[in-house]
There are 2 protein chains.
Amino acid sequence: MTVPRRRPAPDQPTIADVARHAGVAVSTVSYVLSGKRAISEVTRNRVLASIRLLGYHPNAGARALASRRANVIALVLPLRAGMQVPVVMQFAMAVVTTARRFDHDVLLVTSDEGPAGLRRVAASALVDGVLVMDVELDDPRVPLLRELTRPSVLIGLPADATGLTCVDLDFHRAGRACVEHLAELGHRRIALLGAPAAVYDRGTGFAHRTRAGVVEAATWHNVEPVTLPCEEGAAAVRRTLADLLDRHPDLSGLVVQNEAAVDPVLATLPALGRRVPQDVSVVAVCPDQFAEQASPMLTSVPVPAEEIGTQAVSLLMRKLRDESVPEVTLLEPRLTVRDSTAAPTRAAGSRR
Amino acid sequence: MTVPRRRPAPDQPTIADVARHAGVAVSTVSYVLSGKRAISEVTRNRVLASIRLLGYHPNAGARALASRRANVIALVLPLRAGMQVPVVMQFAMAVVTTARRFDHDVLLVTSDEGPAGLRRVAASALVDGVLVMDVELDDPRVPLLRELTRPSVLIGLPADATGLTCVDLDFHRAGRACVEHLAELGHRRIALLGAPAAVYDRGTGFAHRTRAGVVEAATWHNVEPVTLPCEEGAAAVRRTLADLLDRHPDLSGLVVQNEAAVDPVLATLPALGRRVPQDVSVVAVCPDQFAEQASPMLTSVPVPAEEIGTQAVSLLMRKLRDESVPEVTLLEPRLTVRDSTAAPTRAAGSRR
DNA sequence: ACGGCGCGTCGAAGCGCTTCGACGACCGTC
DNA sequence: GACGGTCGTCGAAGCGCTTCGACGCGCCGT
């Protein structure tokens with residue numbers, strides 16, 4: 001057992017200690033730190049020297065109290081099933097990193113605390129603003145966000161974005177892009193292997209929007225779209241896929257928007273006698289890293305988690321400065337062609 | 001464009017408003033909230049009613065300043081390559097949930113801010129304590145943690161744990177358990193397919209400890225252990241595995257401690273002519289969820305991320321209360337037998 | 001020579017809360 | 001019936017910082 005010997009309180013130096021040591025007023029030290037008033041070069045240097053020498057760090061609580069700014073933002077993360085864990089993680093990291101660049105810290109809030117959690121951190125002035133991930137089309141938190149005294153930015157797109165600020169990948173165009181790529185290669189029977197059913201049921205925006213994009217593009221290109229949800233886990237994928245090919249033997253183009261399903265899909269297709277890309281072309285909506293590790297390397301539309309995170313934080317910072325920002329920011333999807341798509345071969349096309 | 005109309009400052013009610021409304025002193029309200037002094041039933045109820053009516057939420061900054069407790073802990077998360085993302089996530093969620101039960105919030109700090117980040121949040125009194133994940137055997141943050149004024153708990157086990165508080169799965173015993181299970185089934189040639197080489201190079205504790213446990217148990221059981229790192233990505237796994245089977249055709253037991261490698265391994269083995277479990281038995285160190293989704297379902301030792309997270313927070317809370325805690329808490333591994341292990345068949349055993 | 005204007009600095013008033021000592025009221029005790 | 005103890009409440013003193021108004025000084029224009 002260790003006795004957690006908190007040392008005998010050497011007690012952090014306060015701004016008063018710094019002021020005394022530098023021979024100036026407390027307010028002068030404060031202004032040196034904030035730059036909100038002009039301070040002569042010589043005084044500034046003296047103060048900075050004292051700060052360094054004493055190892056002074058401003059007390060966050062006191063600062064927050066006096067300035068009414070905590071310099072902390074809340075990040076509300078989902079912890080539900082069917083989430084694309086690595087994307088969420090990547091996203092969270094981008095948020096933290098960007099927030100730090102704006103001299104802010106990030107408080108982690110789980111969505112299972114629900115709206116109450118949001119209200120708590122906002123009302124207690126623990127945070128200056130809120131970033132909400134995994135927004136559903138009809139999200140119960142949205143009304144709350146609208147009436148919150150603190151600014152917020154949503155990742156994802158609720159049904160009604162009025163009065164909000166939202167950032168997301170343009171999944172609709174992403175879905176279209178996938179289908180267009182396949183259609184242009186000459187595929188005529190295309191399927192979307194989507195997110196787990198629960199995700200659609202929950203009304204999660206990105207899943208619905210992708211599907212809509214897929215259907216729309218397919219219709220334009222006079223292609224028959226089949227869309228169906230897909231659970232996680234290799235076994236589930238295999239089942240879904242076998243079933244799909246059974247019902248549509250002429251299927252030659254596959255759009256996969258379920259990160260977890262990508263590897264199983266690539267493993268299962270050959271087992272079902274379909275080579276990629278000779279017999280079936282596969283486009284995935286998944287992180288680049290993933291697409292490049294797969295074999296064959298996947299043609300894909302990456303979810304730019306990092307960019308979304310950075311954008312979201314930047315927008316929030318602007319709102320904190322009382323600047324005006326657009327209600328909806330949709331990031332343009334970029335489709336990267338790799339080795340998993342090709343024109344359909346005669347054989348595949350003519351499969352009964 | 002939305003003009004982010006911050007409404008005309010309805011200004012949160014303060015404790016003084018509550019006191020006035022309830023007809024008591026400010027301090028009385030405070031005591032009702034903290035329970036640190038006896039308050040009569042009738043007064044308490046009057047105060048609580050006012051609080052609810054006014055929608056009062058104590059100001060976190062003011063509270064932190066006056067009480068010298070922020071009620072926030074820092075969680076330092078890795079964002080490096082080779083990490084087991086879902087485990088980290090699961091862990092983070094457990095930490096947040098548990099912290100909330102202790103009425104604390106969680107500040108997310110990335111390890112790429114390095115020791116400086118730690119020092120910053122600790123010195124500014126932004127947080128009361130620190131949770132550090134992904135601790136390496138010889139971690140540069142360890143000395144800093146030792147001299148920090150605030151308590152900390154490490155997830156993982158550095159080379160020298162003196163004066164620290166550490167929680168982790170007992171990976172050494174986990175490695176042993178895997179090998180013992182295989183050895184007891186009768187396997188005589190066993191391999192560990194480990195983490196990416198970079199993880200070992202970095203001196204990450206769990207990888208080294210698992211390997212040590214595997215080797216130790218193998219020696220005891222008079223089994224020849226082969227251990228080798230394994231990169232992520234299906235292609236890399238296939239290569240490593242093919243190579244392994246080439247060099248040791250008599251291999252019949254496989255321990256996999258690389259979450260990302262599990263699915264590829266299961267996909268590759270049949271392709272190389274080895275059925276699971278008839279020809280090769282596979283034990284994985286991975287989340288249960290993962291093991292159950294695989295096919296065949298995997299015999300596994302789960303990393304109890306949730307339990308570790310909960311433990312870590314509890315320990316930190318005890319340290320915050322100045323209670324004494326053990327330096328090292330190792331959680332006992334539990335091996336769950338599923339469908340991926342079996343006694344070796346004659347054929348497999350006699351393979352050239 | 002004088003008023004006016006910046007610039008650099010200071011002092012003091014909070015920010016909203018916790019906590020400590022004080023103080024009546026009321027109880028039981030010898 | 002005076003005394004010590006609890007119990008419940010109050011008032012005030014901070015916690016460490018930001019910010020506002022004030023002030024002295026040197027410099028400009030006239």
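Order of the sequence lines fixes the chain letters, A, B, ..., with proteins taken first and strands second; residue numbering starts at 1 for each chain.
B:S314 places a side-chain N or O within 3.5 Å of a backbone atom of B:T310 that can act as its donor or acceptor partner. Proximity of a side-chain donor or acceptor of A:S50 to a complementary backbone N or O of A:R46 within less than 3.5 Å is detected. Judged by distance alone, the side chain of A:D17 and the main-chain N or O of A:T14 form a donor-acceptor pair under 3.5 Å. Here the side chain of A:T204 pairs no donor or acceptor atom with the backbone of A:F206 at under 3.5 angstrom. Looking only at distances, no side-chain donor or acceptor of A:Q12 sits under 3.5 Å from a matching main-chain atom of B:S124. Remark: side-chain polar atoms of A:R52 are not paired, donor with acceptor, to backbone N or O of A:V47 under 3.5 angstrom. A donor-acceptor contact shorter than 3.5 Å is absent between the side chain of B:S111 and the backbone of B:G114.
At whole-Å resolution of the value, CD in A:E41 and P in C:dG8 are 10 Å apart. Taking atom CZ of residue B:R68 and atom C1' of nucleotide C:dC20, one finds them 15 Å apart after rounding to whole Å. If you measure from atom CZ of B:R69 to atom P of D:dG16, you get 16 Å, rounded to the nearest angstrom. Following rounding to the nearest Å, A:L33 (CG) and D:dT19 (C1') show an atom-to-atom distance of 14 Å. Counting to the nearest Å, the P atom of C:dG16 and the CD1 atom of B:I51 are 16 Å from each other. Atom pair A:Q12:CD and D:dC15:P shows a separation of 15 Å (rounding to whole Å applied).
With respect to A:V95, the side chain to side chain contact (heavy atoms under 4.5 Å, CB included) criterion is satisfied by exactly one of A:L77, A:L316, A:V106: A:V106.
The shortest heavy-atom contact between A:V142 and A:L154 is CG2-CD1, 4.2 Å.
Here B:S30 lies in heavy-atom contact (under 4.0 Å) with a base.
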Just the atom pairs and distances: protein N or O near nucleotides 10-14 of chain D's N or O, under 3.5 Å.
| residue | atom | partner | partner atom | Å |
| --- | --- | --- | --- | --- |
| D:dC10 | OP2 | B:A25 | N | 2.8 |
| D:dC10 | OP2 | B:T28 | OG1 | 2.5 |
| D:dC10 | N4 | B:R37 | NH1 | 3.4 |
| D:dG11 | N7 | B:S27 | OG | 3.3 |
| D:dG11 | O6 | B:S27 | OG | 3.1 |

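Residues of residues 118-129 of chain A having a heavy atom closer than 4.0 Å to DNA chain D: none are found. For DNA chain C, none of the residues of residues 55-64 of chain A falls under the heavy-atom distance limit of 4.0 Å.
The nearest heavy atom of DNA chain D to B:I39 and to B:L65 marks one nucleotide each, and the one closer to the 5' end goes with B:I39.
Look at B:S40 and you won't find any side-chain N or O under 4.0 angstrom from OP1 or OP2 of D:dG8. Not one side-chain nitrogen or oxygen of B:K36 sits closer than 4.0 Å to the OP1 or OP2 atom of C:dT18.
Residue A:E306 places its CD atom among 12 or fewer non-hydrogen atoms of other residues, nucleotides or ligands, all under 6.0 Å distant.
Residues B:S30 and B:S27 bring no donor and acceptor atom of their side chains to less than 3.5 Å of each other.
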